[in-house]
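Position 1 is the first residue of the sequence, and the numbers go up from there. These figures come from a predicted structure and were not determined experimentally.
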Amino acid sequence: MAVVITVPICLLLAVAGLAVQGRAEALGDARATRSEVGLSLRIQALVHQLQRERGLSNGLLGGEREFRPALAATRKRVDTALRGMHSDGAVEAVVQRHLQRLDGIRAAVDRGSPETNTKKTDTAETDPADRAATLAFYTDAVDALNSVDPVAETATGSDRQLRDALAAMRELAAAKESVALERGFLNGVFAARGFHGREYLTFTEIRATRVAALARFRQYATAPQRAALNKAFATAEAQRATAYESRAEGAADSSTLRADAGAWWDAMTVLVDDLYAVQQSIGDDASHRAERLSHNAEIGLAVCLLAGAFIAALLAGLAAFASRSLTRPLGALAEAAHDVARHRLPATVARIQRAPQDHGELLPTADAPDETDARLLGGAAEIAEVATSLHQVEHTALQLAAQQAGLRRNTTESLANLGRRNQNLVRRQLSLITRLERQELDPDALAELFELDHLATRMRRNAESLLVLAGQNPPRPTAAPADGLEVVQSAVAEVEHYRRVLIAPVEPVRVRGHAVADVAHLLAELIENGLTFSPPNEPVEVHGWYDTEDDTYCFAVVDHGIGMSEADKERANARLGDAGEEALLTTPTRFLGHLVVGRLAHRLGEGVQVHLFDTTGGGLSALLALPRRLLAPAEGSSTTSPPARPAVSSLLNGFRAGVARAEARSTQGASS
């Protein structure tokens, strides 16, 4: 049912969305076109005035002094048009880049005119290079403005009529620029009485550009637009301008041209103005077409929005109807899934992990939903199948938990069995080595037996560590209390590089017999860790002293090695204080020593603390604090504890600061 409803809903939404998007794009294109056509007309107005100023300036440089009043009026119109271009950033950037020297060019034109230069002759000949540079300046500015004209890049959509009108407007602008350029160019040539240098070649290029632009215009223009263009070229002034052009064509051999520059200017100005009128007419037609398209797009968008609202209301009704048939059974299924995930499955898994050897009987079976469940689910076959799958997932998870618990139990038992065997073999080996040491008289052989005895002692510690990790290691029997220095020496004898261990002054203390083996084992693990993570030439120090403030006896193992980061130190201290909760098989191998120390400290009972903190100057220090109940009374000694030495006080302060930080973090975590 859901699939039957979803497919048509998606199709309707897709169709409505595409329709609205298409209408919105059409509306945006039409509005953008209307706005950009208006901007194009303003740009062409500026171009028209610049073209006029270019021609008048070129004629003035050629010697026609009567152009000065018209040039002054044209400059004012150019300045007015320039002030209107600040509303568009792209046009303003072109103006700033190409017309920033306009005042300087105008001043140079005024200085180069015959009436302001006493060195000019009566024929008013000017330097052709000055005329060419001025013409190039205005031409570059006009070309830049035409290139930024938005008509060239206006988004017109699929409306062929508007697209052709804009193309015709663009080509007519190019043709008009060629006509205006020819007007200004020949204005200077006629004033100078002939062509100089490459000027005739420039004249032919301008004519060719105009012919090509007019040919392209006729491809896009409508019949009325072509008729308007033909009318502009059929006027008497246009015919007179054509006659002047023919006269200029006949002066290709740089012969003297006898032509009235003022008459040429007037004739061509009429033609340029007529072309500008045709251009404005085409722009008005394009603007009106864009307005009609914008209006039609607004109506279409409104229709699409109304249709979309109707479709949305229809879809909302269908969705409400469909949700009513799905919400109740899905809610019941979600409640059942939450119950399994939050209560039933975790409780059963925990019971399996705590179970004794025979754990298979604790595994419940996942029954299929009964009639009550089917009625609660509303009789939906698909949802009932999901409920059955959920029961199967629960059953599979319980089976996996039982298998994992059995695997952990079997692995732990195997490790414990292997550890006990190794422990028995090492004990027998130590007994045999002891007998051999008593019988041996050769000093060299006796030294080798001592080394063998040391290796066997380390093997015994490793076997006992394995039993500690397996949770089945009884402490080594000790008949009587042992002195603190003896405990430290016993621990040092169980590490590999024992020669690097420096036993600092250890204040007299006696450790009760049942705790001697575990304390020695614990210290050996800490010393081994310090030796492993410190340079080979650096000693590891062992201190021992009474802490009268806390009524404890402290052993400290100090190394000057690489130390640990704060994060690693926090994790290590958590393992050292662990009461055996972290599983052996889930602990990384490199941290098993920390786990052994934590379990030994837990087995020694309440009040035993092991903590890591930074050593002053670099490295790591480990401190073991034994409560009064693990200490035996000293034989024939005073009960008053000696004062702590300065080095010991520094270690103790570091230990207390680290413990305080750990307790603060623990309290903060509990409150959050």
Side-chain angles (χ1 to χ4, degrees), residues 481-488 491 502-516 518-520 522-523 525-527 530 540-560 563-564 566 569-570 572-579 594 597-598 600-617 619-670:
D483 187 72
L485 182 59
E486 294 176 354
V487 173
V488 173
L502 175 62
I503 301 178
V506 177
E507 296 177 359
V509 69
R510 294 181 63 79
V511 181
R512 293 188 181 275
H514 70 278
V516 170
D518 286 344
V519 172
L522 193 154
L523 286 174
E525 292 289 343
L526 296 177
I527 294 171
V540 173
E541 306 170 8
V542 182
H543 299 261
W545 71 92
Y546 273 104
D547 182 5
T548 56
E549 183 176 342
D550 295 335
D551 196 20
T552 58
Y553 190 86
C554 300
F555 290 101
V557 178
V558 182
D559 69 62
H560 301 279
M564 297 177 71
E566 288 297 329
K569 209 161 37 178
E570 288 184 10
N573 282 322
R575 291 188 181 94
L576 295 177
D578 186 26
H594 296 162
V597 171
L600 286 173
H602 175 65
R603 192 165 68 184
L604 285 171
E606 184 179 358
V608 178
Q609 297 184 50
V610 184
H611 194 77
L612 301 179
F613 56 94
D614 293 330
T615 302
T616 303
L620 197 67
S621 297
L623 190 139
L624 167 64
L626 301 178
R628 174 67 68 177
R629 62 179 182 79
L630 295 180
L631 306 178
E635 296 180 353
S637 62
S638 173
T639 58
T640 303
S641 302
R645 298 179 300 277
V648 170
S649 299
S650 176
L651 291 172
L652 193 57
N653 292 334
F655 165 69
R656 287 172 177 163
V659 172
R661 287 195 298 270
E663 291 178 351
R665 285 192 296 270
S666 176
T667 304
Q668 183 179 3

Residues at least two apart in sequence or cross-chain that pass ring pair (Phe, Tyr, Trp, His ring centres under 6.0 Å) with F555, listed by chain then number, are Y553
Closest heavy-atom pair, G530 versus D559, reported as atoms and distance to 0.1 Å, is CA-OD2, 3.6 Å
Has the side chain of T615 got a donor or acceptor atom that lies under 3.5 Å from a matching backbone atom of H560? no
When rounded to the nearest 0.5 Å, the distance separating CG of L600 from CG of D518 is 5.5 Å
*Are any side-chain N or O atoms of E507 and backbone N or O atoms of Y546, one a donor and one an acceptor, separated by less than 3.5 Å?*
yes
Sequence neighbours excluded, the answer for side-chain contact (heavy atoms from CB on, under 4.5 Å) partners of L502 is P539, E541
What one should report as the nearest heavy-atom pair of R629 and E606 is NH2-O, 2.7 Å
With V487 as partner, the option from L523, V509, L522, L626 fulfilling side chain to side chain contact (heavy atoms under 4.5 Å, CB included) is L523
Here the pair of heavy atoms bringing E525 nearest to V597 is CB-CG2, 3.6 Å
Q: Determine, stepwise, if the pair K569 / D614 fulfils side-chain contact (heavy atoms from CB on, under 4.5 Å).
A: CA-CA 9 Å; K569 209 161 37 178; D614 293 330; 2.7 Å; yes
Report yes if some heavy atom in the side chain of P627 is under 4.5 Å from a heavy atom in the side chain of V608; otherwise report no.
yes
Value for OG (S621) from CG (L612), rounded to nearest 0.5 Å, stands at 9.0 Å
Minimal heavy-atom distance between A520 and A491, with the atoms involved, is O-CB, 3.3 Å
Residues P633 and R510: closest non-hydrogen pair is O-CD, 3.6 Å
Looking only at heavy atoms, the pair that brings A632 and R512 closest together is N-CG, 3.9 Å
Those residues at least two apart in sequence (or on a different chain) that pass side-chain contact (heavy atoms from CB on, under 4.5 Å) with A515 are V511, V519, L604, L630
